[in-house]
2 protein chains.
Amino acid sequence: MLTIGKLGEAARVKVPTIRYYEQIGLLPEAERSAGNQRLYGRKAMERLAFIRHARDLGFTLEAIRDLLSLSDIPDQSCAAADAIARAQLAEVESRLARLTALKAELERMVVQCAGGKIADCRVIEVLGDHSLCATDHRHPETELAQ
Amino acid sequence: MLTIGKLGEAARVKVPTIRYYEQIGLLPEAERSAGNQRLYGRKAMERLAFIRHARDLGFTLEAIRDLLSLSDIPDQSCAAADAIARAQLAEVESRLARLTALKAELERMVVQCAGGKIADCRVIEVLGDHSLCATDHRHPETELAQ
DNA sequence: CCTTGAAGCTATAGTTGCTAGAGACATTAA
DNA sequence: TTAATGTCTCTAGCAACTATAGCTTCAAGG
Ligand SMILES: [Zn+2]
Ligand SMILES: [Zn+2]
Ligand SMILES: [Zn+2]
Ligand SMILES: [Zn+2]
């Protein structure tokens, strides 16, 4: 059995994050030692590794919650799990598209500035006027974090 | 003079967001009508458009605050502004690199799954074991939102 | 002139996914 | 034994908004 610190080390997850996952019900309540400290076995370790890996791949905690529920029913079809992964892929692709446009605009701005005074700075100028942009990079609707 | 609603419409910024920007000091306190409602002129409009455009390009509010301060001193060198833009470009490039790796892993997962039962699902399997991944896509350090 | 509905006001709390602190108890090594 | 580290709970904070509640103000129609 591992203490929370050892578990965090093993899974490369910070201790408060583990407690947070327990608090929101993503990890089950841990066993406790005589002195009330959390103790973890191999199952908890695997579950945490799954969460960590899915987070590294950009899945939200909600998606991970669903994936974990699904993974508990081995006999069921994996269509739902695959759908979550495909949705995540689509999300990543849309962010990629957006970031690619941003990169182009930022490069243009930076390259075009001759580096004189603020009054003539192309960076400031472009930021004040989207019509100087080459692409329409604007926020389409709600695109969230990561 | 525009009411907050008209300003928001014109700049495509939601009304509560405008009030929020004022609250955090990104926009100056607006003039008020006899009935205590905010009124905006062309200068406020331009400032808000600048903020909105910079946000669309992924700049943080902190960076925008600095850019706005700089833009108020037309005689000074634009080196600092250019540096902020270059830092933002670097940030976008690093996010792009990470997302590109994520996309590859997600595609691999989704393609490899034959679509049977959860017990045999490649998506679930890979999420549980990073060593099945082709690249090291893991969170390097602190990479923030957008 | 009056009413109704939309738009505005303030203040507070919620979102996501953590992270940081305070103050108390537990465990471990010297 | 004592000091250092680890763990406990609870609360608050981060970015950048968004949503709600309960009010006041305004513009248009009858
Ligand atoms: Zn410049
Ligand atoms: Zn633009
Ligand atoms: Zn599958
Ligand atoms: Zn992996």
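Quick note on labels: first sequence line is chain A, next is B, and so on, each numbered from 1.
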Test side chain to side chain contact (heavy atoms under 4.5 Å, CB included) on A/F50 and B/D129 and set out the steps.
-> CA-CA 7 Å; A/F50 185 103; B/D129 184 1; over 6 Å; no

Pair B/Q88-B/T60, side chain to side chain contact (heavy atoms under 4.5 Å, CB included): steps then yes or no = CA-CA 9 Å; B/Q88 174 61 15; B/T60 65; 5.7 Å; no

Before giving the answer on side-chain hydrogen bond (donor to acceptor under 3.5 Å, both in side chains), spell out for B/E105 and B/T135 the whole-Å C-alpha distance, their side-chain angles and the decisive distance to 0.1 Å.
-> CA-CA 7 Å; B/E105 289 308 337; B/T135 63; 2.7 Å; yes

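Using a 4.0 Å cut-off between a side-chain N of Lys or Arg and a carboxylate O of Asp or Glu, A/E46 and A/K43 do not qualify as a salt bridge. With respect to B/R19 and B/E22, no salt bridge is recorded, no charged nitrogen being found less than 4.0 Å from a carboxylate O.
Counting to the nearest Å, the P atom of C/dG17 and the CG atom of A/L26 are 10 Å from each other. Protein atom CD of B/E22 is 14 Å distant from nucleotide atom C1' of C/dA11, rounded to whole Å. Protein atom CG of B/L39 is 11 Å distant from nucleotide atom P of C/dG8, rounded to whole Å. Remark: C1' of D/dC8 and OH of A/Y40 are 12 Å apart, rounded to the nearest angstrom. At whole-Å resolution of the value, CD in A/E29 and C1' in D/dC8 are 14 Å apart. Note: CD (B/Q23) to C1' (C/dT10) measures 10 Å, nearest angstrom. Regarding B/M1, its CE atom lies at a distance of 17 Å from the C1' atom of D/dC26, rounded to whole Å. Spacing between atom CG of A/N36 and atom P of D/dC10 amounts to 11 Å, rounded to whole angstrom units.
Phosphate contact (OP1/OP2 of C/dT27, side-chain N/O of A/S33, threshold under 4.0 Å): present. B/T17 has a side-chain polar atom (N or O) that falls below the 4.0 Å cut-off from OP1 or OP2 of D/dT18. Phosphate proximity of C/dT16 to A/Y20: absent, as no side-chain N or O sits under 4.0 Å from OP1 or OP2.
The two atoms that bring B/R32 and B/L39 nearest to each other are C-CD1, 4.3 Å, heavy atoms only.
Taking the side chain of A/Q37 as heavy atoms from C-beta on, and the options D/dT9, D/dA16, C/dA26, the nearest nucleotide is C/dA26. Closest to the side chain of B/R32, from the set C/dG8, C/dT10, C/dT19, is C/dT10. Between D/dC17, C/dT19, D/dT7, one nucleotide has an atom nearer to the side chain of A/V15 than all others, and that is D/dT7.
Comparing A/K14 and B/I4 by the nucleotide of DNA chain C whose heavy atom lies nearest to each, the residue mapping closer to the 5' end is B/I4. In this structure, B/R38 and A/E62 both approach DNA chain C, and ranking their closest nucleotides by distance from the 5' end singles out B/R38.
When heavy atoms are screened at a 4.0 angstrom cut-off, A/R19 is found touching base atoms of the nucleic acid.
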Dot-bracket notation for DNA chain C is requested: 5' to 3', Watson-Crick or G-U wobble pairs only, both distances under 3.5 Å, with ( ), [ ], | and . as defined.
-> ||||||||||||||||||||||||||||||

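Proximity of B/L127 to B/M109: side-chain heavy atoms (C-beta onward) are separated by under 4.5 Å at one or more points.
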